[in-house]
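First up is the structure itself, then whatever we jot down about it.
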There are 2 protein chains.
Amino acid sequence: MSTIGKALTLLDAISRLEKEAGLSDIARHCALDKATARRFLVELEKHGFVEQDVETRRYRLGGAPVRLARIREARFPYLSVATPFARELANLTGETVHLSEHAAGRLSTVHVEDSQRAHRVIVDVGSILPFHATASGLAFLAFSQAREIDEALSAPLKAFTDQTLTDPVTLRQTLGETLRRGYSICHHGLETGVVSVAAPIRAPGSTPVGAIAVAAPATRAEKETVDQMGRAAMAAARRISERLFGLEQVAADPLARRAG
Amino acid sequence: MSTIGKALTLLDAISRLEKEAGLSDIARHCALDKATARRFLVELEKHGFVEQDVETRRYRLGGAPVRLARIREARFPYLSVATPFARELANLTGETVHLSEHAAGRLSTVHVEDSQRAHRVIVDVGSILPFHATASGLAFLAFSQAREIDEALSAPLKAFTDQTLTDPVTLRQTLGETLRRGYSICHHGLETGVVSVAAPIRAPGSTPVGAIAVAAPATRAEKETVDQMGRAAMAAARRISERLFGLEQVAADPLARRAG
DNA sequence: AAGCTAAGGTTCATATATTGAACCGAAAGA
DNA sequence: TCTTTCGGTTCAATATATGAACCTTAGCTT
């Protein structure tokens, strides 16, 4: 792997750590030499991607990504367009709703609207959603190109619960159903006791850019309720997609054409 | 410079470009060889920091920073805490208000609340604020440590307008006034016809993390108005700082100790 | 208080990854 | 048609990254 790749992987690791970590910790975590890890951290710090606590000497995520994110959002307003629909969906269903975005070959949570109920599903902003074990992942894959599906299913598929689907054949079947239905359903895929539904956000005819999902405790997920939530997610996804990609004003909006 | 540094500089350059750019453009812009630029871009793309338009082959900022920014914001909620105060300040003054954050040795705009007036100052999210030529920069420096001030003033100071202060001695005097007054004033420093005031956001006794500024057309900047805006900015900054750094719950909130 | 361990950080010879001039084919302009 | 410029690739030369060993300090254990 290139140096850049290693450094960005280190940054990713830091973002995934619960709290700030020390040099040795980080080095161990990334299987890097202490000296190397330090050089990376210093370099990342120079550019504001990590910060070092002056007192504890521990490292944490810096402020630079905030600036980049604001610029990105100004050019491709995924969050600001999608958030209101997510909130609406959360109000409608009474359950936790989360938005994910596809970047670096992974689906990551970029926004969460918490359910108002006491008994609800918790989703962390920033968490990575495995393709095979989440409704978001299934919805994303189902509407992706064959190449993407093959790639996702060829990797070893971790069983997060005893009900996680890990068989590529079964999964392909599930993706087929999802494609026909228009939204995905995932029972206890990532965590036992959680049922979720999701629909892809996409320009017509092209690969999705993300997904919107509703996650509910299994106790509230009767078959009919699930279908209602699924349809609602689908409707929200469609409206978000229309707002983002417009009624084919492709020429005016270069971002309508996204990388495949 | 290290490879990582160069790659992050390239990323920075892309973020600063108005629109997506082609490979040769980017390489020229960063004074890198085309082959090198391409390798960097490919690597950055793998990690979601840039995207390549599949059709035009041009490159643009990717979605990865959004995820990192959300995580950063969850741990150190600078934007979500400061934004409401910025809005309040914008309503109170009727002028454009912007928030900046210190990262990578630079002050960058992370949020803007536009004035409702037709004749108003425009500030771009993501823009870098030079220390010597903006109210935000002066406010930040005035409350920083001597080392930081020396460093900022030792670099060549560009005259953005014919009224930009570029003499280190005069600037130090200005910083002294700012420190006593509690807020900074900048007349036509970055752009002719704009007067702005700013106050630092900081934990008591430590270096600022950013600033909040009000920018008004000079025609509306009577001496008394400026003072009112300055005091209002100061009040907002103080309230934001209190919310961010709390009433000394340092032990509970490790982020209260920030890198100097 | 001595002794131990692990922390953050640094050094420098070695090895490896980065570099860029030259190249290719495609497409746009003259 | 000819020319230029584009995105992208190749490979020998070389600048750069690497990591074992080292230092110092801080906190524990005995």
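Remember, predicted model here, so these are calculated numbers, not experimental data. Below, chains carry the letters A, B, ... as their sequence lines are ordered, and counting in each starts from 1.
A search for ring pair (Phe, Tyr, Trp, His ring centres under 6.0 Å) contacts involving B:H98 returns nothing, not counting sequence neighbours. Considering only residues two or more places apart in sequence or on other chains, A:D33 meets the side chain to side chain donor-acceptor pair (under 3.5 Å) condition with none of them. Applying the ring pair (Phe, Tyr, Trp, His ring centres under 6.0 Å) criterion to B:F160, with sequence neighbours excluded, gives B:H132. Shown here are the salt bridge (charged side-chain N to carboxylate O under 4.0 Å, His left out) partners of B:R67, two or more places apart in sequence or in another chain: A:D12. With sequence neighbours excluded, no residue forms a side chain to side chain donor-acceptor pair (under 3.5 Å) with A:S24. Partners of B:D124 under the salt bridge (charged side-chain N to carboxylate O under 4.0 Å, His left out) rule, at least two apart in sequence or in another chain, do not exist in this structure. With sequence neighbours left out, A:R58 forms a salt bridge (charged side-chain N to carboxylate O under 4.0 Å, His left out) with no residue at all. Judged as a salt bridge (charged side-chain N to carboxylate O under 4.0 Å, His left out), and not counting sequence neighbours, B:K6 has no contacts.
Residue contacts for A:R28: at a heavy-atom cut-off of 4.0 Å it reaches the sugar-phosphate backbone alone, with no base atom in range.
For DNA chain C, the outermost nucleotides in 5' to 3' order that have an atom under 4.0 Å from a heavy atom of chain B are C:dT18 to C:dA21.
To the nearest angstrom, C1' of D:dC6 lies 13 Å from CZ of B:R38. Whole-Å rounding puts the B:L41 CG to D:dG7 P distance at 10 Å.
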(Q) Treating primed atoms plus P, OP1 and OP2 as sugar-phosphate and everything else as base, which nucleotides of nucleotides 18-26 of chain D get B, S or - for protein heavy atoms under 4.0 Å? (A) BBB------
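Between A:E101 and B:R70 no salt bridge is recorded (no basic side-chain N to carboxylate O distance below 4.0 Å).
When the C1' atoms of four end pairs are superposed on the next four at each end of the helix from C:dA1-D:dT30 to C:dA30-D:dT1, using five pairs per end, the two resulting axes differ in direction by 30°, to 10°.
Within the structure, the ring-ring contact (aromatic ring centres under 6.0 Å, His included) test picks out no pair touching residues 27-49 of chain B (sequence neighbours left out).
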